[in-house]
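Here the structure is laid out as C-alpha cells; the discussion comes afterwards.
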Number of protein chains: 4
Amino acid sequence: MPAASSPPRRPRSGNRRDEAARLAVLHAADDLLVEHGFGALTVEAIARRAGVAKQTIYRWWPSKVEILLDTLIEDSNKRLPVPTEQPTAESIRGYLRGFARFLTRDTAGKVLLALIAEAQRDPGTAKSFHQRYLGPRREQERDMLARAIEAGEVSPGLGPDATMDALVGPIVYRALTGSSIPRGLVDTLVEDLLRPHKPRHTRT
Amino acid sequence: MPAASSPPRRPRSGNRRDEAARLAVLHAADDLLVEHGFGALTVEAIARRAGVAKQTIYRWWPSKVEILLDTLIEDSNKRLPVPTEQPTAESIRGYLRGFARFLTRDTAGKVLLALIAEAQRDPGTAKSFHQRYLGPRREQERDMLARAIEAGEVSPGLGPDATMDALVGPIVYRALTGSSIPRGLVDTLVEDLLRPHKPRHTRT
Amino acid sequence: MPAASSPPRRPRSGNRRDEAARLAVLHAADDLLVEHGFGALTVEAIARRAGVAKQTIYRWWPSKVEILLDTLIEDSNKRLPVPTEQPTAESIRGYLRGFARFLTRDTAGKVLLALIAEAQRDPGTAKSFHQRYLGPRREQERDMLARAIEAGEVSPGLGPDATMDALVGPIVYRALTGSSIPRGLVDTLVEDLLRPHKPRHTRT
Amino acid sequence: MPAASSPPRRPRSGNRRDEAARLAVLHAADDLLVEHGFGALTVEAIARRAGVAKQTIYRWWPSKVEILLDTLIEDSNKRLPVPTEQPTAESIRGYLRGFARFLTRDTAGKVLLALIAEAQRDPGTAKSFHQRYLGPRREQERDMLARAIEAGEVSPGLGPDATMDALVGPIVYRALTGSSIPRGLVDTLVEDLLRPHKPRHTRT
DNA sequence: CGGTAACCGAGACGGTACGTCGCGTCTTCGA
DNA sequence: TCGAAGACGCGACGTACCGTCTCGGTTACCG
C-alpha cells in the first residue's frame, strides 16, 4: 500500500494571490524587526521566517520598506485612530498620550521609528513614507486641530502643521533617543502650546 | 645641485599614525554622506575616495558610525557651541536657531540626522551615539538651562531634560521629515515653554 | 514583428545548476594555471576570467583545489586512460610514455604537478587529492600490473605499489624539477624493473 | 633606593648584523613549517615567532623561500653529506637510505619537500632552488656516480643525471605522496638500476 | 671621543585576496 | 497564473598578509 504519508503542506493557492502568504510575510517582518532590530531585517530572513519564496515577496512589494508600511498603516489605523468626533482639548491630549504609548509599547511603534530612520538613508523610502503614511495622517490631525480651534477649544500660537510638529516632535524625539515619555511632558505640551493666553507674533 | 624635483609622493607616515590619512577619511565620509546619502556610505567607498587602504580605516575606527561621530563631534563643537556665558532667554533662542540652521544647512547636520537614524537599526550605534555625543551635549545644555533658571531668565514648566527635548524635539522632527524650520517655530517654543506664567502640575 | 534583436544576454539558469558556468570555471582555472602559474590562481581571478560571480564558485567547490581536481580527473580519464585490455610489457611501456607526455606537454599535466605541490602545503588538499585522484588511479594501475604478472608478461622485484612508484617516481621527479623526460629513461625503467632475471630479497 | 629592575632585554647588536636574530629567524621558519605546514608559513608569523621585526627579515632575505633554502643547505650538508671517499655500491645504497630517512624523519626533509612544491608555484623560487640546492648537490652526486663507475663498482644503463633521477625519484615521490619508504625499495632500485648485466639502448 | 652610519623593534601604510552575506533578477516545476 | 525553490551576477563586508616606509633607540667604527 503505497500512499504512506505525504508531508502535511498547506494547500497552495494556485491562481489567486495567497492571503496566507501575505499575512505570513507581514507578521514575519514585524516579528523580526521587534526581535532583532532593523539591521537584521533582510528580505531573505523574512522569506525564511515566513516560509515563503523570495520571489513571492518581490512580486507583491517593491521593497521591504513597503512591507513595513503595510503593517504600520494597518496597525496605526486600528490602534491609534485620530479622533474624529468633535475634538476637545482633552481628546487631543488623549490622542497624544496614545501616541506616546504607541511609540514606546506597541510593536508597530518600532516600525514607525524604523521607517523614520530608513527615510534618512534613502530618498525613495522618504517619498513613499510621506505619501502613504505621514501625509494622510497629518491631514487627519490637521482636521482635528482645525475643528478644535473653530470650536474655541484650543488656540495655538502657530499654524496647524507647526503646532502638530511641536506637539509630536518631542514625543518622537524621546522615543528615538530611547527615553521614556513622562505623562507630564504631554500635559505640559498641550497646556503651553494649545492654550496660550497672549497674542503671538507669527503663524506658520 | 644636480636633480631638481623627485617624484612628488607624499611622505608616508612610518611608525606613527598618519594625520593626513585620518583627515582624508573624515572628509571623504562627510562628502559621501552629503552627496549620496547614508545608503551609499560604504567603508570601501570611503577608502576609495580618501585614497586610503580599507585596513587603515578598520585600524582606527571600529565602524563607519564612529567615523561619522568623530566628524560630528568636531564640527558641532566648532560650529554650534553651547552658550557658556551667563545665558539669557535670548541666548537660548539664539542657540536653538543655530541648531535649526545646523540641522538644515550644515553638512554636519546631515551627519547628526544620519546617526539618529542609524541608532534605530543597531544598539551598538545607539550606545556609542549617546555616550559620545548626546550625553555630553545634553550635559552642557542642562547646565545652560539651569543657570538661566537660577538667574530668573526663564522658568520652564518641566524638568531640564524634558524641557530641552520639548525645545529640540520639534526642530529635529521637522528636519527628519524633510520640512523647513520656520523662525516662528523656534520663537514660539521658547516663548511658550520657557516663560509660562502659571504653575504647572508635574516636573520631569 | 516590431523589435528585431534584443540584447544577446545568455539565458540564465533559473533553478538548476548552470552548466555553462561550470564549464567556464573549469576552463578559466585551467587557462590561468597554465598561463600564469599556480601562484596567480586566485578564486577572484577565476571568477573574473570565467565571467562568473565568486559566490557561484564557492557554491559548488569548497576550494580552488577541487576545481583543479575536477579538471584533472576529467582530462586524465580522457587523455591518459590506464590500459584495460590484457596488458603486455609493451602496453605498460606505452602507458608510461603517455604519462611522460601528459606531464610535460598536456596542460592537465601542469594541473597534476600543481596538485602534488599544493598537497604539501595543506593536509586537506592532500587528503582530497589522494581520495579522488591518486587512490583510484593507483587502483587501476595495480590491476594492470597484476594481470601482466599473472600473464607472465613481467616479473617485478617489488610489490605492486612500490613497483608503480619506482616507475612513475622518476618521471614525476623530472617533471617537478623542470627536466625533460628522455625516451630512454622510460625504456630502461621498464626493462630493469619489470624484467629482472634473478630472485629478489623482499617484496613491498 | 628604588631603581627596581629594568626589563632584561638581550643586548642589541648596534652596527653589525645580529647573529641571534638570524638564528631566531631560521629556527622560527623551520618550526613553523613543521608544526603548521607551509600554508601557515607567513613572514609575519616568522617575525612574530622569532621576536624580530619584519624589516629585519626583508633586509636579509628576499623572500621566505630563501630562508628555507638557508636552513636546508646548512642541514643537508651537515646531516646528509654526499659520500666523497672512494664510493662503492654499498656506500651509494647507504646514501640513498640516508636520503629516505632524511625526507621522512628529519625536519629538514619537510623543508626540501616544501621547496619542491613551492618551485611549482613560482618560477623565481624554481630558479633559486636549482641554483642554490639542486644544482650543487647533483654535481656532487654525479661525481660520486662517475667515480663508482670508473672503479667498476656499478654500471648503470643510463647517463648519470637520469640514473640519479631514477634512484632518487621514487623516494621523493613516495615522500610527496605521504607513503613510507620501505628498505626493499632502495635496495631493489640500486640492484636493478646500477648493476644490469646486459647492454642498454640509449644513454641520457 | 664625538659624529654618524648601519642595525634593530615596532608598527602604520597602500594593496590584493580571502570567504561570507544579502541584494534583486531569473528560471524551473508543481498545484 | 501563482508560489516554493534556489542559482545567478553583483558588490560590500571585515580579516590576513604582502612588501615598503618611517620612527626612535642602540652600538661600533672613524675621523
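For the numbers below, each heavy atom of this structure counts, side chains included, while hydrogens, waters and symmetry mates do not.
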Query raised in the report: Once you round to the nearest 0.5 Å, how far does CD of A:Gln120 lie from CD of B:Glu118?
Result: 11.0 Å

Query raised in the report: Closer to the 5' end of DNA chain F via nearest nucleotide, is it B:Pro62 or C:Arg22?
Result: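 With B:Pro62 and C:Arg22 compared, the 5'-side residue is C:Arg22.
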
Query raised in the report: Where each residue is assigned the nucleotide of DNA chain F containing its nearest heavy atom, which of B:Lys64 and A:Ala53 is assigned the position nearer the 5′ end?
Result: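 Going by which nucleotide is closer to the 5' end, it is A:Ala53.
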
Atom-pair distance ([atom1] on [X]; [atom2] on [N]), nearest Å:
| X | N | atom1 | atom2 | value |
| --- | --- | --- | --- | --- |
| B:Ile46 | F:dG11 | CD1 | C1' | 16 Å |
| C:Leu32 | E:dT16 | CG | P | 17 Å |
| B:Ile57 | F:dA12 | CD1 | P | 13 Å |
| A:Arg49 | E:dG22 | CZ | P | 15 Å |
| B:Asp122 | F:dG14 | CG | P | 11 Å |
| B:Tyr58 | E:dC18 | OH | C1' | 14 Å |
| D:Leu23 | E:dC8 | CG | P | 12 Å |
| B:Arg48 | E:dG14 | CZ | P | 15 Å |

Query raised in the report: Does B:Lys54 get its side chain close enough to the base of E:dG15, under 3.5 Å, for a donor-acceptor pair?
Result: no

Report task. Check step by step if side-chain contact (heavy atoms from CB on, under 4.5 Å) holds for D:Tyr133 and D:Leu72. Result -> CA-CA 8 Å; D:Tyr133 185 78; D:Leu72 176 62; 3.7 Å; yes

Looking at [options], which one has an atom nearest to any side-chain atom of [X]?
| X | options | answer |
| --- | --- | --- |
| C:Asn15 | E:dC18, E:dA5, E:dT28 | E:dT28 |
| C:Arg17 | F:dC8, E:dG19, F:dC10 | F:dC8 |
| C:Gln55 | E:dC13, F:dG9, E:dC21 | E:dC21 |
| B:Arg16 | F:dG19, E:dC18, F:dG24 | F:dG24 |
| C:Ala21 | F:dG14, F:dC17, F:dC8 | F:dC8 |
| A:Arg59 | E:dG22, E:dG19, F:dG3 | F:dG3 |

Report task. Using a strict cut-off of less than 4.0 Å between a Lys/Arg side-chain nitrogen and an Asp/Glu carboxylate oxygen, indicate whether C:Lys110 and C:Asp30 qualify as a salt bridge. Result -> no

Query raised in the report: Under 3.5 Å, is there a donor-acceptor pair between the side chain of D:Thr71 and the main chain of D:Leu68?
Result: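 Confirmed, D:Thr71 side chain pairs with D:Leu68 backbone.
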
Query raised in the report: What nucleic acid atoms does B:Trp60 come within less than 4.0 Å of, heavy atoms only: base, sugar-phosphate, or nothing?
Result: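 Sugar-phosphate, no base atom in range.
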
Query raised in the report: Quick one: on DNA chain E, does C:Ser63 or A:Glu44 contact a more 5' nucleotide (nearest heavy atom)?
Result: C:Ser63

Report task. Kindly say if B:Thr56 contacts the phosphate of E:dA12, meaning a side-chain N or O under 4.0 Å from OP1 or OP2. Result -> no

Requested in this report: Taking the six-membered ring of C:Trp60 (Phe, Tyr or Trp), confirm whether the NZ or CZ of C:Arg17 is under 6.0 Å from its centre and within 45° of its axis.
Outcome: yes

